[in-house]
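Model, not experiment: these values are computed from the prediction. When reading the values below, keep in mind they use all heavy atoms of this one structure, side chains included, and skip hydrogens, waters and symmetry mates.
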Amino acid sequence: MSRAAAAAARAALAPRGVPACPLARIASTFGAVGRVRHIPAMSEQIFEGHKAVSIARLPQHVGQEVLVQGWLYNMRSKGKLHFLQVRDGTGIVQGVVAKGELPDADFEVAGTLTQESSLRVVGVVRADARAPGGVELGVRRVALVHRSEPFPIAPKEHGTGFLMENRHLWLRSRKPSAILRVRDEAIRAIRDFFHEREFLCVDAPIFTPNACEGTSTLFQVKYFDDLAYLTQSGQLYGEATAMAMGKIYVFGPTFRAEKSKTRRHLTEFWMIEPEAAFYDLDDVMVLAEDFVSTIVRRVLENRREDLKILERDIAKLEPAANTPYPRITYRQAAARLHEKGVPFTDGDDFGAPQETAISDDYDRPVLVHRWPAAIKAFYMKRDPQDPSLALGVDMIASEGYGEIVGGSQREDDLKLLQERVAHENLPMDAFQWYLDLRRFGSVPHGGFGLGLERTLAWICGVEHLRECIPFPRMLYKIYP
RNA sequence: UCCCCGAUAGCUCAGUCGGUAGAGCAAGUGACUGUUAAUCACUGGGUCGUAGGUUCAAGUCCUACUCGGGGAGCCA
């Protein structure tokens, strides 16, 4: 179909009173689409002749009479006026219900609405400087879909324990909704980032026959007549796939059964693990800073309103949208800790206080590389300049949010890797397939893992990791 | 596994020296044509986490347990 013919077809199909090309609006919201080769059938919801419009897109419909479908977030009444705060997941808009401007029966219904009642509202979109979102709705019809029972979460202060017990309902509130939208943006930024750089999305298994790194406590499950574990990392499988496809990433859930009871831990979280053949440690570090800065940039570009709802100090986030990120060695970091008087024993891993002290020196995340091999995983390659060091790198987020990336160049020599497996008392048989990767065309390679929820907690500036996933799984907590 | 803190109305909390249970908000009713967590008036609302102990008397003191929160270790 020629471009002109496509335009004509679009014009013919476009409903009255809306712009001729709905795809143009989608393109502007979701990023550029290529040449439009066909016009998809879009699901449209009509009520009494009015087309449903999401609250986020109301500013594009000023002057039009539209349908909004959603839930009552809050209501205030003033005499013969009702102010309905209606939410639909994309935003909140105020509907002004004035007696005389709609059927009396609808006015009466509006007056008796309870919080979180579901409803359809038809009204005229009008720009109003007093409205927080810039527009409000002059209501012409109110149709109750379901009258809500008293809603447990009043627009008031609540404790985190109570809110988490009602997580299925709390998701409807402003802050959780904003975080879910930022999460969606970050996930799409991640997929776009890797696609643009020719990394293929592959999936690693969730059931695994053995502990990947042999260290963490894992969830045990019955696997027919055997035992299996829920994966703690897709990395080893990622390495195998990278030897097949060159550059890949694994994006999936990860499970840890450790009894960590802090705001920085979940038992189920999402991890993104790129792995690339022919990458050395420097390549891994460049990739990591490029990656994290891209996620930050995308959220700043497309989800600024949500960051405002979250009261995020954007000035503190903006430097992280630019590369390069500072890089220091473990030894330099250790020296700096001593300089600052932070308690620390050389050779140890960093705990939360050490991470915070290191990151406080910079306005963006910092990469700490070349760690003592003794405290790092068996698969990390030794530094040829100093075999006591592993070619590993951690990225520590700013403002005390801690480690968000852990990565390394992998050991690609069969003999050395076998020695490491033996030294760590790992089951050699279970690792034969992994060792095969060093038998058949072994190459230098590396990658890292990024914890999605920790990254989101930092970007959103929220205190608790559990707020960054719709239904968090934590120590002893699995409801709702 | 260890350390610290907490549990009183639907929610957030106060409750003095041990002496018969309080507030704000929410809910219900009513008033008000520009409210932004509206305001005002009235109304209803309690097995003080559970079990035991001390005492004439326990929300309050003691012990154990349960649940929740924070942290250490471990990790992303």
Side-chain angles (χ1 to χ4, degrees), chain A residues 73-85 92-101 107 111-112 114-116 126 128-133 136 138 148-166 169-170 173-174 212-213 215-218 231-235 253-273 288 292 343 348-355 375-377 394-397 401-407 448-458 463-466 468-469 474-477 479:
Chain A
Y73 189 72
N74 196 8
M75 180 171 77
R76 286 173 285 274
S77 294
K78 173 102 183 165
K80 300 290 179 270
L81 276 181
H82 299 305
F83 298 96
L84 313 183
Q85 318 288 326
I92 296 178
V93 69
Q94 172 163 275
V96 181
V97 180
K99 196 171 171 84
E101 292 181 8
F107 181 83
T112 65
T114 52
Q115 187 192 351
E116 283 302 315
R126 51 191 190 218
D128 192 314
R130 292 168 292 189
E136 63 176 24
S148 175
E149 294 176 26
F151 196 66
I153 303 174
K156 292 291 152 203
E157 279 179 36
H158 297 282
T160 315
F162 172 79
L163 291 169
M164 269 302 162
E165 196 68 12
N166 290 283
L169 303 177
W170 187 26
S173 299
R174 269 191 160 93
C212 163
E213 302 180 14
T215 50
S216 306
T217 315
L218 305 188
T231 183
Q232 68 166 163
S233 164
Q235 183 202 312
T254 300
F255 307 88
R256 302 280 167 87
E258 273 142 6
K259 296 193 173 173
S260 303
K261 191 182 163 82
T262 83
R263 69 183 111 172
R264 295 184 308 281
H265 289 88
L266 296 168
T267 57
E268 177 184 309
F269 62 97
W270 288 72
M271 194 149 69
I272 297 94
E273 301 175 277
V292 173
D348 281 3
D349 206 348
F350 297 158
Q354 287 80 26
E355 286 179 348
I375 57 169
K376 286 293 180 185
D394 283 2
M395 185 189 291
I396 303 172
Y401 280 91
E403 184 187 344
I404 54 173
V405 164
F448 62 82
L450 172 131
L452 180 62
E453 288 79 13
R454 278 197 186 171
T455 305
L456 286 170
W458 162 56
E463 203 182 343
H464 303 273
L465 206 55
R466 60 187 165 205
C468 294
I469 187 166
M474 294 174 297
L475 183 60
Y476 303 128
K477 286 223 72 180
Y479 178 92

Intra- and inter-strand pairing of RNA chain B, written as dot-bracket with Watson-Crick and G-U pairs under 3.5 Å and | for the latter, reads (((((((..((((.....[..)))).(((((.......))))).....(((((..]....))))))))))))....
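- At whole-Å resolution of the value, CZ in Arg454(A) and P in C74(B) are 13 Å apart.
- Between Phe350(A) and Arg174(A), the one whose closest nucleotide on RNA chain B sits nearer the 5' end is Arg174(A).
- For the pair Asp128(A) and Arg130(A), the salt-bridge criterion is met [side-chain N within less than 4.0 Å of a carboxylate O].
- Residues passing the ring pair (Phe, Tyr, Trp, His ring centres under 6.0 Å) test with Phe107(A) are His82(A), sequence neighbours excluded.
- In this structure, CE on Met474(A) lies 8.5 Å from NZ on Lys261(A), to the nearest 0.5 angstrom.
- A27(B) and U36(B) are spaced 16 Å apart, taking the P atom of each and rounding to whole Å.
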Checking side chain to side chain contact (heavy atoms under 4.5 Å, CB included) for the pair Asp348(A)/Ile375(A): CA distance, chi angles, key distance, verdict?
CA-CA 7 Å; Asp348(A) 281 3; Ile375(A) 57 169; 5.9 Å; no
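- Protein atom CH2 of Trp270(A) is 24 Å distant from nucleotide atom P of C75(B), rounded to whole Å.
- At a cut-off of 3.5 angstrom, the base of U36(B) holds no donor-acceptor pair with the side chain of Gln85(A).
- When the nucleotides G34(B), A72(B), C11(B) are ranked by their closest atom to the side chain of Pro353(A), A72(B) comes out on top.
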Would you check, one step at a time, whether the test side chain to side chain contact (heavy atoms under 4.5 Å, CB included) holds for Trp170(A) with Met164(A)?
CA-CA 8 Å; Trp170(A) 187 26; Met164(A) 269 302 162; 3.6 Å; yes
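- Nucleic acid contact for Gln115(A): none, since no nucleic acid atom lies under 4.0 Å from a heavy atom of the residue.
- Thr160(A) meets the side-chain hydrogen bond (donor to acceptor under 3.5 Å, both in side chains) test with no other residue; sequence neighbours excluded.
- Counting to the nearest Å, the C1' atom of C74(B) and the CG atom of Asp348(A) are 13 Å from each other.
- U60(B) and U8(B) have their P atoms separated by 13 Å, given to the nearest Å.
- In this structure Glu463(A) satisfies the side-chain hydrogen bond (donor to acceptor under 3.5 Å, both in side chains) test together with Arg263(A), sequence neighbours excluded.
- Sequence order on RNA chain B of the closest nucleotides to Ala131(A) and Pro150(A) puts Pro150(A) first from the 5' end.
- The separation of A58(B) from G18(B), taken at their C1' atoms, amounts to 6 Å, rounded to a whole angstrom.
- In this structure, CZ of Phe269(A) is placed 12 Å from C1' of C74(B), rounded to the nearest angstrom.
- Asp394(A) comes within 4.0 angstrom of no nucleic acid atom, judged by non-hydrogen atoms across all strands.
- Between Glu165(A) and Lys477(A) there is a salt bridge, with a side-chain nitrogen of the basic residue lying less than 4.0 Å from a carboxylate oxygen of the acidic one.
- The separation between Trp458(A) atom CH2 and A76(B) atom P is 18 Å, rounded to whole Å.
- At a threshold of 4.0 angstrom between heavy atoms, the contacts of Leu465(A) include nucleobase atoms, whether or not backbone atoms are also involved.
- Atoms OH (Tyr73(A)) and C1' (A37(B)) sit 9 Å apart, rounded to a whole Å.
- At a cut-off of 3.5 angstrom, the base of C75(B) holds no donor-acceptor pair with the side chain of Ser260(A).
- Nucleotides A21(B) and G46(B) place their P atoms 13 Å apart, quoted to the nearest Å.
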Step-by-step side chain to side chain contact (heavy atoms under 4.5 Å, CB included) determination, Phe350(A) to Glu403(A)
CA-CA 10 Å; Phe350(A) 297 158; Glu403(A) 184 187 344; over 6 Å; no
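- With P as the reference atom, U39(B) and G24(B) are 13 Å apart, rounded to whole Å.
- Nucleic acid contact for Ser77(A): base, since at least one base atom lies under 4.0 Å from a heavy atom of the residue.
- Rounding to whole angstrom units, NE2 of residue His158(A) and C1' of C25(B) are separated by 9 Å.
- Relative to the side chain of Thr114(A), the nucleotides G34(B), A76(B), G28(B) differ in distance, and G28(B) lies closest.
- Closest to the side chain of Lys78(A), out of A72(B), C75(B), G34(B), is G34(B).
- The side-chain hydrogen bond (donor to acceptor under 3.5 Å, both in side chains) test applied to His265(A) returns Thr262(A), not counting sequence neighbours.
- Rounded to whole Å, the separation between the P atoms of U35(B) and U50(B) comes to 46 Å.
- As rounded to the nearest Å, G10(B) and A57(B) have C1' atoms that lie 32 Å from one another.
- For Leu450(A) and C75(B), the CG to C1' distance is 14 Å, given to the nearest whole Å.
- Within 4.0 Å (heavy atoms only), His265(A) reaches at least one base atom of the nucleic acid.
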5' to 3', nucleotides 64-71 of chain B under a 4.0 Å protein heavy-atom cut-off (B base, S sugar-phosphate only, - none) gives ----SBBB
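- Between Ile469(A) and Phe269(A) there is no side-chain heavy-atom pair separated by less than 4.5 Å.
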